[in-house]
Amino acid sequence: PQVDAEKSLNLEAGYRYVGGTTRAEVVGFYNDYDNLLGTDTASGGGTGTGDQFNGGAATITGLEAGVGTRFTVHDRYLLPLDLTYTYTSGEFDTTFESSFADWAPSVLAGDELPYLPEHQLHASFGVETERFAVSGAADHSAEVRTRAGRGAAPAHERIEGRTLFDLRAELTVYDRWRLSFQILNVTDEIYLAARRPAGLRPGLGRSLIVGLRASFGS
């Protein structure tokens, strides 16, 4: 009963271009929260109680730009290339006290939101034919602060930026059956994912995912 409903005004505006095998788009966004809620969830790194906490007014603004194209070589090989960049800035507009781990014990108006990377970049490139497809992707995320605050975050309240590489391959093995392999974090980069609920939590190590897909119908 002490938790207020979350209310926000969310605006987006952008431009998209599509011409032949090339597409490009840029989108700006503005989120104005009258009351931002924080939730203690296990998937978000909390204890999983499901408790919610008032965060007061907050503003999040940003810009996302992307471009993609597809080259054809010898009328047989398709080479898709995609690049996306996202800039995000978020801060609290009110001063309050809280028992929520990311905001405790208090937040001052102008403090930055935790776990919100300012810069993110995604790039992928691949080779496709009727029988197989191979692609690689790189994802970069800038450092984030783990508690609300301003200025440079101290070492015990931040997570360093990281760049991860993934590989994916698909192969048609029989008629409508397609086998896929995906390797996440190819270089087995050791990185931090969070500092809650009870200290440092590591990110996902090198992982292999194997799948089999069947297509039916005309």
Side-chain angles (χ1 to χ4, degrees), residues 5-39 41 43-45 52 54-72 78-94 102-103 107 109-128 133 135-153 158-168 182 184-185 189 191-194 203-204:
E6 185 173 84
K7 297 179 181 179
S8 65
L9 173 66
N10 307 307
L11 303 175
E12 290 187 7
Y15 175 78
R16 177 177 296 162
Y17 166 81
V18 178
T21 59
T22 300
R23 62 164 183 81
E25 63 181 17
V26 57
V27 178
F29 54 90
Y30 172 82
N31 303 328
D32 183 13
Y33 289 86
D34 286 337
N35 183 54
L36 177 70
L37 287 183
T39 305
T41 62
S43 60
Q52 294 187 315
N54 292 318
T59 304
I60 300 174
T61 58
L63 180 74
E64 182 168 281
V67 61
T69 188
R70 301 163 74 86
F71 303 96
T72 302
L78 188 64
L79 309 180
L81 173 65
D82 291 281
L83 184 66
T84 303
Y85 166 76
T86 305
Y87 167 81
T88 310
S89 175
E91 65 178 36
F92 291 96
D93 300 327
T94 54
D102 295 351
W103 306 339
V107 168
D111 283 353
E112 298 175 352
L113 271 69
Y115 290 103
L116 187 65
E118 186 175 19
H119 305 284
Q120 296 180 82
L121 181 67
H122 170 82
S124 65
F125 178 74
V127 179
E128 299 177 3
S135 64
D139 287 280
H140 173 75
S141 180
E143 72 170 37
V144 296
R145 62 187 324 121
T146 58
R147 286 183 180 273
R150 65 185 71 190
R158 73 169 182 259
I159 291 178
E160 301 295 338
R162 60 180 181 269
T163 301
L164 304 178
F165 299 92
D166 301 331
L167 288 177
R168 181 179 178 85
Q182 187 174 11
L184 305 178
N185 191 3
E189 179 78 10
Y191 65 98
L192 302 180
L204 180 70

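In this text, all values refer to a predicted model and were calculated from it rather than measured experimentally. We use all heavy atoms of the structure for the numbers below, so side chains are in, but hydrogens, waters and symmetry mates are not.
Looking at every heavy atom in both residues, Leu167 comes nearest to Gly136 through CD2-CA, 3.9 Å. In this structure, Ala142 and Pro117 approach most closely via the heavy-atom pair O-CB, 3.8 Å. Across all non-hydrogen atoms, the minimal contact from Asn54 to Trp103 is O-CZ3, 3.4 Å.
Side chains of Arg147 and Pro114 form no contact here, defined as non-hydrogen atoms less than 4.5 Å apart. Using a 4.5 Å heavy-atom cutoff, the side chains of Thr69 and Leu79 are not in contact. Using a 4.5 Å heavy-atom threshold, the side chains of Arg23 and Asp82 count as touching. For the pair Leu121 and Asp139, the minimum side-chain heavy-atom distance is 4.5 Å or more. Using a 4.5 Å heavy-atom cutoff, the side chains of Thr146 and Tyr115 are in contact.
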Legend entry - Steps toward side chain to side chain contact (heavy atoms under 4.5 Å, CB included) verdict (Leu63, Tyr85): CA-CA 8 Å; Leu63 180 74; Tyr85 166 76; 5.9 Å; no
Inset, instruction - Start with the C-alpha distance between Gln52 and Thr39, add both sets of side-chain angles, then the distance that settles side chain to side chain contact (heavy atoms under 4.5 Å, CB included), and finish with yes or no. - result: CA-CA 4 Å; Gln52 294 187 315; Thr39 305; 3.4 Å; yes
Legend entry - Chi angles and distances behind the side chain to side chain contact (heavy atoms under 4.5 Å, CB included) call for Leu36, Phe92: CA-CA 9 Å; Leu36 177 70; Phe92 291 96; 4.1 Å; yes
Inset, instruction - Please step through side chain to side chain contact (heavy atoms under 4.5 Å, CB included) for the pair Ile60 and Tyr33, ending with a clear verdict. - result: CA-CA 8 Å; Ile60 300 174; Tyr33 289 86; 4.0 Å; yes
Inset, instruction - Go through Thr59 and Asp93 one step at a time and tell me if the side chain to side chain donor-acceptor pair (under 3.5 Å) criterion holds. - result: CA-CA 7 Å; Thr59 304; Asp93 300 327; 2.7 Å; yes
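The distance from the OH atom of Tyr30 to the CG atom of Asn10 is 10.0 Å, given to the nearest 0.5 Å. For the atom pair CG of Leu116 and CG of Asp102, the computed distance is 11.5 Å after rounding to the nearest 0.5 Å. We find the OG1-CG distance between Thr61 and Asn31 to be 8.5 Å, quoted to the nearest 0.5 Å. Note that CZ of Phe125 is 13.0 Å distant from CG of Leu83, once rounded to the nearest 0.5 Å. Rounding to the nearest 0.5 Å gives a distance of 4.5 Å between CD of Glu6 and CG of Leu37.
Remark: Arg162 does not engage Glu189 in a salt bridge, criterion side-chain N to carboxylate O under 4.0 Å.
Distance alone, capped at 3.5 Å, is enough to place a donor-acceptor pair between the Arg150 side chain and the Ala109 backbone. Looking only at distances, a side-chain donor or acceptor of Tyr191 sits under 3.5 Å from a matching main-chain atom of Leu204. Side-chain atoms of Asp166 come within 3.5 Å of backbone N or O of Asn185 as a donor-acceptor pair. With Arg145 contributing its side chain and Gly151 its backbone, the two residues share a donor-acceptor pair below 3.5 Å. Formation of a donor-acceptor pair under 3.5 Å by the Glu128 side chain with backbone atoms of Leu78 is not found in this model. A distance-only check finds a donor-acceptor pair linking the side chain of Thr94 to the backbone of Ala57 [under 3.5 Å].
Side chain to side chain, Glu64 and Thr86 meet the donor-acceptor criterion of an N or O pair below 3.5 Å.
Tyr87 pairs by the ring pair (Phe, Tyr, Trp, His ring centres under 6.0 Å) definition with His119, not counting sequence neighbours. Partners of Arg158 according to the side-chain hydrogen bond (donor to acceptor under 3.5 Å, both in side chains) rule, which considers only residues two or more places apart in sequence or in another chain, are Glu160.
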